[in-house]
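All values below come from the heavy atoms of this structure, side chains included, with hydrogens, waters and symmetry mates left out. Throughout, a chain's letter reflects where its sequence line sits, starting with A, and its residues are numbered from 1.
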Amino acid sequence: MFKKNIFEVLSCALILAVAAVCPIRASENRSGFLVSGGDAPVGAGTLFNPEISAILDFTYGYSEGSIGEPQGYELAHCHGHGHDHDHGISEGFALREAELTFAGALDPYFDMMLMMAVTEHDIEIEEGYITARSLPAGLGMKVGKFMSDAGYINKQHPHDWLFVDQPWVNEYLLGDHGLTELGVQLSWMPRTASYTKFGVEILEGETEGVANYVGEKDHQIVTVLPENTGKDDYSPDRNRWRADMGFEDVKSPRLYTGFLKWGPDIGFDHAVQLGLWGGFGRAFQAEDAHSSGRLETWDGESLFGGVDIVYKYNGQGAMDYGNLILQGEYMYRQLDLNFKNRNFSDFSTLEILDEKDQIWQQDGLYLQGVYGFAPRWNAGLRFDVLGLTNRSYDEADRLDDDPSMRYTGQVSFAPTEFSRFRLQAAYDDPYGEKSGWKFALQYNVSLGVHGAHTF
Amino acid sequence: MKKFIILMFFCILIAPSWASGKLNVAATVPNMGMLAREIGGNKVNVTVMTPPDRDAHYLEARPSMMAALRRADLVAAVGAELEIGWLPAAIRGANNPRVQTGRTGYFEGAAHIELIETGQAADRSKGDVHPAGNPHFDLDPVKLAKVGHALAQRMASMDTENASYYRQNALEFESKVEERIDRWMEEASADGVLPYHGDANYLFRRLGIPIYDTIEVLPGIPPTASHLRSLVRDLRGKEGIITYIIFQPSRGPEFMSGQLGWPVHRLPAQVPVEAEAKGYFEMIDRWVEALSGN
């Protein structure tokens, strides 16, 4: 297993190295550094085509005892579904991920961006897409795997977050990776005095929290009796129990979102952006298969949306001194599901023990502020509430949990734009579960081209 | 309420301010905005995307920049990675093919002149280095006038009807610089200068004033006590002027001034947002005055 992974990593690195070197030869004469007077940008970046950067995200986590988690957000408990790369804080030292980014203009018509998350055991394509450079009339298009523009923080990579982890509402209502999907995004910017952008996204539909997908699949267990019952040899009796889970295949695209962003021009010192978004999933399918043979399934649709607001003040100080960022998001999801609890009545039949139509309605919000209290330093506070509306179920029983809260504070020091150290303390207060303090240390560094910061 | 919202929305969509038939120019910094206004005259609308009192290297893309780039026919940038922290992201977010890099609507001044301080090792242990060269050419009136010709050429290619008008304006701007340059060079007589960062190195070179060192340790790395002590050791006994830009911290420069007994000047690197050539020349006058004798 280990060897195989090494091999995969090496071959992947080789391909990338070749990809990185080849275009340089081809584009020597296009470099603005060597030829002046054109319409190409002057800079070191043009010597590297594509632009390459590597980001390391290293954390140390310490929590006071075993602190509980807000309950009733994940439908299926991932049995043995080893999730290699998540963006939460784990106990002890962790190299959460190394991000490798390759970006550049493909040709006069498209830009390409590839971002891979490499962990100690795995390589995952976090984003890989092309964007159109030459569509008319303010139209834009993105095709590939990308983080949705729905909401504000969703499209930020972990190294752009102002805290070590993401807000609860994103983690619990959408899932660990947020709304990251395969598909197509179309956007339109009217030619207005203020920044206005409309967008729709047509997506595959596999986001855990709003478009979990199983498809046609068998539920299967194997039981072994210790004794041989009547056969000639001495081997134990083996029985295979197998039946269809009852999900239908739903053709992609299964998930649709739409968003609107608006940012009036309020001078050089201040900037504000408002966002409104929503979406629906044609299929939401989840299963929880127990080793006892019992099978729980949820099958239905989802409807979700949110609002977001971001305000930034640009202080006049050097290196972000005096800058203030205030942001908040509210998000809601509704899952209309048919719940079935079944067990085998014989080797190939599942019998219904319980069936119920469930309407899950859950929401949450976060508010955060970060202030640059000295050049290169900032400090921030965040408040998370999850489950202001909280209609969820534990198997067939309805839960009506009160909201869960979290209070987080952080201090960061960025020696340069290329490195940042952060200390974070959070008090988790999940409803009905053990509350307590969590601490995290993080360093986050980037090597390579100087990336541009989106709003 | 619903009707009102729909009406508001409609108004936003058809706001007609741009429908003037003029060339829309989005300038990254006020100095480039001034130049675009001088060259384009009444044939262009200029929007300046950043204010004069911020370091254009440390900004991020904002919605207002993307709106300006969406409307623009031409982006006028300093270039050489000065705006690298935000301009590429803002262009990507602007859904406008005209101002993409490699298109006629993308103009970088740095691509049209010879840069100084080029060819440093691309090694960030030397600070926030830019191997392509020092981007801050816009404080040198002579280089800026040269860029003015290139900008006129670009505007002429986009609006052939007014080609000679743009070229004439570029010539006029250049002759205004020529009228003043001898006086500036004569008046600026300091033995040497100790700036905070290399923002005005083009101007110092133009005026023939030696640059001793910088108050910051390396590009983008603020001064440390040991660096300041070594500067004091090296420069004691010499004469010179200390300068820093209005958005840079004053502590290091003030400390050096106290130690060396040199005059210290806090100066702008950009003209006011709405300025024309007059405003630019006044700014250069202020620098020359600061550099006129010890």
Side-chain angles (χ1 to χ4, degrees), chain A residues 32-33 36-47 105 108 111 131-136 138-140 187-197 261-269 271-273 312 314 316-321 375-376 415-418 447 450-455, chain B residues 12-13 15 17-18 50-51 53-55 58-64 66-67 70-71 77 79-81 84-90 92-97 100-108 110-115 122 124 127-128 130-133 135 150 220-222 246-249:
Chain A
F33 181 73
S36 75
D39 41 21
V42 174
T46 55
L47 284 178
D111 284 333
T131 45
R133 288 167 70 87
S134 52
L135 292 182
L139 294 171
S187 62
W188 177 57
M189 269 179 84
R191 197 171 166 163
T192 49
S194 51
Y195 170 74
T196 315
K197 196 171 210 167
K261 293 180 193 299
W262 183 62
D265 189 352
I266 50 172
F268 290 120
D269 291 348
V272 71
Q273 181 181 286
K312 294 191 187 184
N314 187 304
Q316 296 185 23
M319 315 197 92
D320 294 343
Y321 174 41
R376 312 203 275 179
T416 64
E417 290 168 89
F418 307 100
L447 175 71
H450 191 312
H453 308 283
T454 49
F455 187 77
Chain B
I12 293 170
L13 291 189
S17 58
W18 59 86
T50 66
D53 55 359
R54 305 290 195 285
D55 189 341
Y58 291 104
L59 296 175
E60 60 172 17
R62 298 148 51 94
S64 58
M66 292 186 264
R70 167 68 183 93
R71 298 191 302 268
E81 301 189 342
I84 195 163
W86 56 273
L87 187 60
R92 267 200 303 277
N95 286 19
N96 182 356
Q100 299 284 339
T101 56
R103 295 298 185 97
T104 317
Y106 183 86
F107 180 89
E108 258 191 24
H112 302 274
I113 48 152
E114 206 171 307
L115 296 175
R124 293 238 173 83
D128 189 6
H130 292 274
I221 311 288
I246 50 175
F247 49 72
Q248 287 162 349

*Please list, chain by chain and in numerical order, all residues satisfying side chain to side chain donor-acceptor pair (under 3.5 Å) with B:Gln100, sequence neighbours excluded.*
none
*Pairs of heavy atoms under 4.5 Å with chain B: top-ranked of A:Gly267, A:Pro375, A:Pro264, A:Gly138*: A:Gly138
*Is any side-chain heavy atom of A:Thr416 less than 4.5 Å from a side-chain heavy atom of B:Ile221?*
yes
_Considering all heavy atoms, the nearest B:Asn95-A:Ser187 contact_ = ND2-OG, 3.0 Å
_Max heavy-atom pair count under 4.5 Å with chain A, selected residue of B:Pro135, B:Gly105, B:Ala94_ = B:Ala94
*How long is the gap from CG on B:Leu59 to CG on A:Asp320, to the nearest 0.5 Å?*
9.5 Å
*Minimum heavy-atom separation for A:Lys197 to B:Gly93, with atom names?*
NZ-O, 3.2 Å
*Measure across B:Ala67 and A:Ala193 and return the closest heavy-atom pair with its distance rounded to 0.1 Å.*
CB-O, 3.8 Å
*asked:* Tell me whether A:Arg191 contacts the main-chain N or O of B:Arg71 through its side chain, where contact means a donor paired with an acceptor under 3.5 Å.
replied: yes
*Any donor-acceptor pair under 3.5 Å from A:Lys261 side chain to B:Pro63 backbone*: no
*Is the shortest heavy-atom distance from the side chain of A:Tyr195 to the side chain of B:Arg62 under 4.5 Å?*
no
*Using the side-chain contact (heavy atoms from CB on, under 4.5 Å) rule, take A:Asn314 and B:Glu60 through it: C-alpha gap first, then chi angles, then the decisive distance, then the call.*
CA-CA 10 Å; A:Asn314 187 304; B:Glu60 60 172 17; over 6 Å; no
*Crowded around A:Tyr321 OH? As in, over 12 foreign heavy atoms under 6.0 Å?*
no
_Heavy-atom closest pair, residues A:Arg133 and B:Thr101_ = NH2-O, 2.6 Å
*Side chain to side chain, A:Ser134 and B:Arg103, heavy atoms closer than 4.5 Å*: yes
_Distance (rounded to the nearest 0.5 Å) between A:Thr454 OG1 and B:Arg92 CZ_ = 8.0 Å
*Residues in salt bridge (charged side-chain N to carboxylate O under 4.0 Å, His left out) contact with B:Asp53, at least two apart in sequence or another chain*: none
*Please look at B:Leu87 and chain A and tell me whether the side chain, the backbone, both or neither of the residue comes under 4.5 angstrom of a heavy atom of that chain.*
neither
